[in-house]
A.B. asks: 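I'd like to ask you about the structure that follows.
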Amino acid sequence: EDAPGDTARFWTIALEQSRGPKRFGALKRLAALRQDRLEDPAGAYEAAEAALALDPTDAEILERYVGLTRSLAKHAESGKTLQRISGSVRDPSARARLTVELGELLMATGDVKRARAAFSSAISTPGADDAVTVQAARALVHVFEEDGDHASLADMLERIVKSDPDPHRK
């Protein structure tokens, strides 16, 4: 019995007939099914990317997309997608989260200058969650350590101490 394969075919057909939130739900389920049950990371990546374009505020699909990006080594392609998508997101926390992930992908490709700009943008996003700004600040700590920029390093460490919601990481 090919239950996961049948389910994938069902969601593929459902995609052809759906729009809006229903289409997003079908893409999200298809991405999970292709990755978790069918061991089809390329197909999962494609579905996750399409789902993310429909709802870039969904943290679960963003996490899946970034994980697939790393496993498939599609950092540059995904970086372009995140940059394009983040520009249209109104929710400040979601936009900051996308920007931090963009910075991480840029770091993985060695583009430290653009990564630094992405992390700085996430930190300066008004209304962004503390957890997201702390993640960006932690990434900038590593950048500033490498650059020997002690003043900026001290500023980021101070920001982490003030903002990190987890007292054990301070």
Side-chain angles (χ1 to χ4, degrees), residues 24 27-28 31-32 34-36 39-170:
F24 169 76
L27 283 164
K28 187 175 178 178
R34 285 180 173 168
Q35 182 179 13
D36 301 340
E39 298 178 11
D40 176 12
Y45 173 85
E46 186 179 296
E49 185 173 53
L52 189 63
L54 291 174
D55 185 0
T57 64
D58 189 284
E60 184 181 324
I61 200 68
L62 175 61
E63 184 178 325
R64 183 176 299 278
Y65 180 69
V66 170
L68 287 162
T69 294
R70 290 188 174 114
S71 67
L72 295 170
K74 290 184 169 268
H75 298 83
E77 299 93 328
S78 295
K80 289 176 187 173
T81 298
L82 290 180
Q83 191 165 20
R84 180 177 44 82
I85 290 172
S86 68
S88 66
V89 176
R90 296 191 196 287
D91 176 53
S93 289
R95 187 173 55 251
R97 190 177 324 112
L98 286 166
T99 306
V100 168
E101 293 298 349
L102 171 61
E104 297 286 351
L105 294 177
L106 290 167
M107 288 295 289
T109 63
D111 192 343
V112 177
K113 183 178 180 181
R114 288 183 54 217
R116 180 188 302 141
F119 294 134
S120 296
S121 173
I123 284 176
S124 64
T125 302
D129 290 339
D130 282 345
V132 174
T133 58
V134 167
Q135 184 182 356
R138 288 186 183 285
L140 283 171
V141 162
H142 297 294
V143 171
F144 295 143
E145 279 178 333
E146 290 292 318
D147 290 350
D149 184 347
H150 301 293
S152 297
L153 175 62
D155 181 47
M156 284 305 109
L157 290 172
E158 183 177 342
R159 181 182 291 262
I160 291 168
V161 169
K162 287 181 180 176
S163 301
D164 195 339
D166 184 350
H168 299 292
R169 288 190 305 222
K170 290 182 181 185

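The analysis underlying the following values was restricted to heavy atoms, covering all of them including side chains, and did not include hydrogens, waters or symmetry mates.
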A.B. asks: Kindly say whether Ile160 contributes a backbone atom to a donor-acceptor pair with the side chain of Ser163 at under 3.5 angstrom?
C.D. replies: no
A.B. asks: In plain terms, say whether Glu101 and Arg97 are close enough for a salt bridge, that is, a side-chain N and a carboxylate O under 4.0 Å apart.
C.D. replies: no
A.B. asks: Measure the spacing between OH of Tyr65 and CG of Leu98 and express it to the nearest 0.5 Å.
C.D. replies: 10.5 Å
A.B. asks: Under 3.5 Å, side chain of Thr133 to main-chain N/O of Asp130, donor-acceptor pair present?
C.D. replies: yes
A.B. asks: Within a 6.0 Å radius of atom CD on Glu145, are there more than 12 heavy atoms belonging to other residues, nucleotides or ligands?
C.D. replies: yes
A.B. asks: Taking all atoms of both residues into account, what is the closest heavy-atom pair of Gly103 and Ala115, and its distance?
C.D. replies: O-CB, 3.4 Å
A.B. asks: Specify the closest pair of heavy atoms between Ala122 and Ala96, including all atoms of both residues, with the distance to one decimal.
C.D. replies: CB-O, 3.8 Å
A.B. asks: Kindly say whether Asp40 contributes a backbone atom to a donor-acceptor pair with the side chain of Arg34 at under 3.5 angstrom?
C.D. replies: no
A.B. asks: Which distance, rounded to the nearest 0.5 Å, do you find between the OG of Ser93 and the CG of Asp129?
C.D. replies: 3.0 Å
A.B. asks: How long is the gap from CG on Leu72 to CD on Glu77, to the nearest 0.5 Å?
C.D. replies: 9.5 Å
A.B. asks: Any chance you could measure Met107, atom CE, to Leu102, atom CG, to the nearest 0.5 Å?
C.D. replies: 12.0 Å
A.B. asks: Any ring-ring contact (aromatic ring centres under 6.0 Å, His included) involving residues 88-126? Give me the pairs, sequence neighbours left out, ordered by first then second residue.
C.D. replies: none
A.B. asks: Could you tell me whether the side chain of Ser78 and the main chain of Lys74 form a donor-acceptor pair under 3.5 Å?
C.D. replies: yes
A.B. asks: Donor-acceptor pairs under 3.5 Å, side chain of residues 52-62 to any protein atom, not counting sequence neighbours: which ones?
C.D. replies:
residue	atom	partner	partner atom	Å
Asp55	OD1	Thr57	N	3.1
Asp55	OD1	Thr57	OG1	2.4
Asp58	OD1	Lys28	NZ	3.4
Asp58	OD1	Glu60	N	3.1
Asp58	OD1	Ile61	N	2.8
Asp58	OD2	Lys28	NZ	2.9

A.B. asks: Is the backbone of Val89 close enough, under 3.5 Å, to the side chain of Arg95 for a donor and an acceptor to pair up by distance?
C.D. replies: yes
A.B. asks: When you compare the side chain of Ser120 with that of Leu140, does any pair of heavy atoms fall below 4.5 Å?
C.D. replies: yes
A.B. asks: Rounded to the nearest 0.5 Å, what separation is found between the CD atom of Glu46 and the CG atom of Leu68?
C.D. replies: 11.5 Å
